[in-house]
Each structure stands twice: as C-alpha cells, then as structure tokens.
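All remarks here apply to the structure that follows.
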2 protein chains.
Amino acid sequence: MGQDVDLARSVADDTLGRLAADRDLLGRSGTAQRVAEVLRDRIAEGALPPGTRLSEQALGAALGVSRNTLREAFRSLVDGRLVVHEMNRGVFVRMLDPDDVTDIYAVRRALEDTGLRAAATADPERLAALHTAVAGGEAAADAGDWPEVGTADLRFHRALVALAGSPRLDEYMTRLIAELRLAFLAMPSARALHEPFLRRNRRIVDLLAAGDTPGAALVLERYLDDACEMICTAMRMDGA
Amino acid sequence: MGQDVDLARSVADDTLGRLAADRDLLGRSGTAQRVAEVLRDRIAEGALPPGTRLSEQALGAALGVSRNTLREAFRSLVDGRLVVHEMNRGVFVRMLDPDDVTDIYAVRRALEDTGLRAAATADPERLAALHTAVAGGEAAADAGDWPEVGTADLRFHRALVALAGSPRLDEYMTRLIAELRLAFLAMPSARALHEPFLRRNRRIVDLLAAGDTPGAALVLERYLDDACEMICTAMRMDGA
DNA sequence: GCTAAGCTATTGTTGAACAATCCCACAAGA
DNA sequence: TCTTGTGGGATTGTTCAACAATAGCTTAGC
C-alpha cells in the first residue's frame, strides 16, 4: 500500500482518543462476565424470581459453562446484591423485605437530590435527556405498555442522577435500580405501580425548566415517599 | 450439662438479635472471600502498590489457594474498583488519575452532605461517634502517629455518612474510602495530607453541636474541595 | 411426636489439562 | 534506522474430574 502516511498525524486530533474510548465496548469480556450479565437480565425480568435457588450444576449445564466459571459470575451478582450466598447452601435470588426497600429509597433520595441540585449548572444535553425520558413514559402509557412505562420511569430518574455528571454516582444508581427491580417483581400490577407517577415526573421537568429547583425537590421527595410506601405495603400484604 | 434452660427466654430480648447480626462476621465466609479481604488490606496499606500485577500463579502459591479460588476473589476486587482486569493480561492494582479523585470527592460531597442534613434528627449515639473520631484524630496527632490520623479522619467522615442511618450508604462510603486509599498512597507524606484537616473536622462537630448545619456544610464543602485539589496536584506532579 | 443416626445431593476447593492470547526477542525487509 | 513478520515462552481463560465438608432428608428407635 503506497499510502504510508502517519496515522497519528493524518487524522483529526481526537480520533485516536475516541477509538481508545471504544476499546472497552468491543467484545473483550470473558465468559464469566457475560454469564453474570445474562443472569442479571433474567433476574430483572422475573424469569428467576426472588427465592429461586441457583443450582451450580443445573445452571452450568443450561448455560454451557463450567461450575468454576459460574461461581465467578456469582461473585459479581453477590456484590450487586441481586443474589445472596449462603455458605454450603448455594446462591439464591435475593428476597427484599420492606426495610430494604425503605433503605433503597433513602439512597435514591440522596442520589436524585444530588442530581437535582446540579440541574442549574448541568450540561444541556443531560437536561434534554430528562425530557426525552418523560416523553417516552407518556407515549408508552398512551400505548398501554406499562412495563415500558416502568423502564422509562427508571430511565428518567437515572437521567436525574446523571445531571451531577459523576460516573460513580451513575453506576451506583444503575446498580440500585437493578436491586429495586427485585421489589417491583413483588407488585401485582405494573400499571398500578407506575401510572400514578407519570404526572409527577412531568411536573419535575417543568419545574426544573422554570428554574424552580426547590419546587422540583419537593415533588421528588413526595414521589419517593409515596412510591416507597406503596411498595412496602404491597410487600407486607403479600408476605402476610 | 444439667442447665437445660431455654436460651431464648433466659437472656434479654435483643441479645439473640445482636448475636444474629454478628453471625456473618465470624467464620462462615469461604476461602475466596477471605482472600479478597486479605488482598484488600494489602492494597490499602500499600504493600501491593498501584500498577502491581497480581499474578495468579505467584499469588496462589503465596496464599496457598488454587487459581480458581483466587480468580473468584479477584471478581470482588474488580467490583470494588481496587483492581482492574485486562482480558488475557491479568489483574493489576488500580492506578487512579486526577479525574478519578475528582469524581470520588464529588461522591463524598453527596454522601456526606446527606449525613449532615440528617444530623438534626440523628441517633445521639451516632453523633457521639463523631466526637470520638475527632478526638481520636487529635490524640493521634499529638502522638505524631500520622497514619492513624488518616484513619481517624476517614472514620470521622464515615461516621458523618452514618448519621443518615442507611446501611447502603454506609457500605458505599466504606467502598469509596477503600478506593480513595489508592490515591492516598500517591501522597509523599501522611502528615501533609491529614494535618491541615484536623481543625476542620473539629469545627464541623462544633458547628453541628451548636445546631448550625449550614455552617458545618460550608466547612465540609471547603474541606472536600481543598483535599481533592491537594491530592490532584500531588498526582500531577508525580505523574510528570 | 420427637430425637438421633445415616444417606444423598450439593457445595467448597483443589489440581491438572489444554487452547487462546499476549509479550518479547530476533530476524528480514524498506 | 525504522518498521514489519515470526517464533517461543509465559500467562490467562476455561473446563473437567476428584474429594472433603456440609445441609437436608429419611429412617429407625423410643
């Protein structure tokens, strides 16, 4: 090839940088990590309900991986609180109790408040993501797709945290939401769970757009209180 | 043993409850988890400096565990960000850059602010822990034990987060501190790192005791800004 | 009905094996 | 001189088979 030009000098300065950023997106993951992701998905969608025992032999055979690899995947799930490991008994899909839910919502309050307080100085692109998520939730509600309303709701609140611009806060919120989905599974109706909160999300973005951060914080506070109580009472009824 | 009395009725009501809470502290852990804890300690104290490669064979032989068990332990460390896993290359003790430190301090701000805001309604026992930690730091400074000043400082700020009364927030703060220790290792002098902040911690508890939460928040804010910048500049000098 | 002993299935952990990959040194070519 | 193949060696990724330890069930005995 006669075109022996220097790549590093021939392209725009940040091209190589962007390529480097894409490096970790490319394959390069390893079986254990992929197994962990599969199990995370199955747990989130309820295919592996809370309390389910994750037999090493059965799961290993089903996924076509060895027990050792599976056990590596389990470690990640344990750290994400999606699964509990009882010594010499195995791992089980986590069962949340009302105390867990209350604590999860306490953390949500801390995280989402942080995002809210950063709204004034936040990247406009991130503020736009809020609108997109709310609009998506409303569209899904119109279509009657209540599970999608649920994920749009969570996307909105994740976008709220993202206003802070902190990768670690983002990641923690993601993990928290994965855990929270365990509680959602206990709810009988996705519609009853998510419909009442559509309007509040809309109100939060509107108040934010109007520059009324304290007002938005107030609505958010009530949102979280009510959602927490709704789930907790449902769990108590289910448990009794 | 003739004393066949019913244990559950012979002791104060919450004794068994407390014992149950201690259950997970003793034994019952498994080799992989213990290995992970050992490695966490060694990394925190700098025996395994950032950038060190954690060879499976060498570490396995040194600790007397198999490669499989070691790899399980590595998963936990990866999730805790103490270590990075590069596919087909192995795991290395994490090297933080200034962006990481800045983000860690952003999260600290969110978490410790949350604790601070809960101070008014917090458990008195938890408020007492604040005083204990500050006093411990001052005593260590008088004794010239600067590493101990550092751990007392972190204990104080963990106690600050604990005011919120959230187990998940506590755990996250613990993990964050473990990560932050990686940055502390880059500092040449433990004294230079911790001494300037002793007075501020004292001031925070005093303001809190006086009921001046906003004042305490302001001091905390400056504390975190200054500490972050101090570490970041040190890292930049070290890297250049 | 309750306790105790024994059986069975599962987990905890190890060691060995093999393929895949990376790193390094070295040679060949522009 | 700088870049580009090319082995070779070491390390990781993953599996498999084995054995000890444990939990839970079953059965026998009272």
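Keep in mind that the numbers below use all heavy atoms, side chains included, and drop hydrogens, waters and symmetry copies. Within every chain, numbering begins at 1; the chains are lettered A, B, ... in the order of the sequence lines, protein sequences first and strands thereafter.
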A:Tyr105: ring-ring contact (aromatic ring centres under 6.0 Å, His included) partners, not counting sequence neighbours: none
Residue pairs fulfilling ring-ring contact (aromatic ring centres under 6.0 Å, His included) with at least one residue in residues 34-60 of chain B, sequence neighbours excluded: none
Between D:dG13 (P) and A:Arg71 (CZ): distance, integer Å: 18 Å
Euclidean distance, atom CZ of residue A:Phe74 to atom C1' of C:dG12 [Å, nearest integer]: 13 Å
Nearest heavy-atom neighbours spanning A:Arg168 and B:Leu176: CD-CD1, 4.3 Å
Set of residues satisfying side-chain hydrogen bond (donor to acceptor under 3.5 Å, both in side chains) with respect to A:Thr114, sequence neighbours excluded: none
Selection residues 166-189 of chain B - residue pairs positive for ring-ring contact (aromatic ring centres under 6.0 Å, His included), sequence neighbours left out: A:Tyr172-B:Tyr172, B:Phe184-B:His194
Pairing residues for B:Arg109 by the side-chain hydrogen bond (donor to acceptor under 3.5 Å, both in side chains) criterion, not counting sequence neighbours: B:Asp225
Any A:His85 side-chain nitrogen or oxygen under 4.0 Å from OP1 or OP2 of C:dG12: yes
Counterpart residues, side-chain hydrogen bond (donor to acceptor under 3.5 Å, both in side chains), relative to B:Glu37 (two or more places apart): none
Value in whole Å for how far the C1' atom of C:dG12 lies from CE of A:Met87: 6 Å
Those residues of residues 59-70 of chain A lying under 4.0 Å from DNA chain C by at least one heavy atom: A:Arg67, A:Asn68
Do any N or O atoms of the protein come closer than 3.5 Å to N or O atoms of nucleotides 8-11 of chain D, and which pairs are they?
residue : atom : partner : partner atom : Å
D:dT11  : O3'  : B:Arg53 : NH2          : 2.9

Residue pairs passing the ring-ring contact (aromatic ring centres under 6.0 Å, His included) test where at least one lies in residues 29-82 of chain B, sequence neighbours excluded: none
Distance in angstrom units between B:Glu72 CD and D:dT14 C1', rounded: 14 Å
Partner residues of A:Arg40 under the salt bridge (charged side-chain N to carboxylate O under 4.0 Å, His left out) criterion, sequence neighbours left out: none
Name of the residue among A:Leu82, A:Val83, A:Leu59, A:Val93 meeting side chain to side chain contact (heavy atoms under 4.5 Å, CB included) with A:Leu39: A:Leu59
When you compare the protein's N or O atoms with those of nucleotides 4-9 of chain C, which come within less than 3.5 Å of each other, and at what distance?
none

side-chain hydrogen bond (donor to acceptor under 3.5 Å, both in side chains) involving A:Arg53 - partner list, sequence neighbours excluded: none
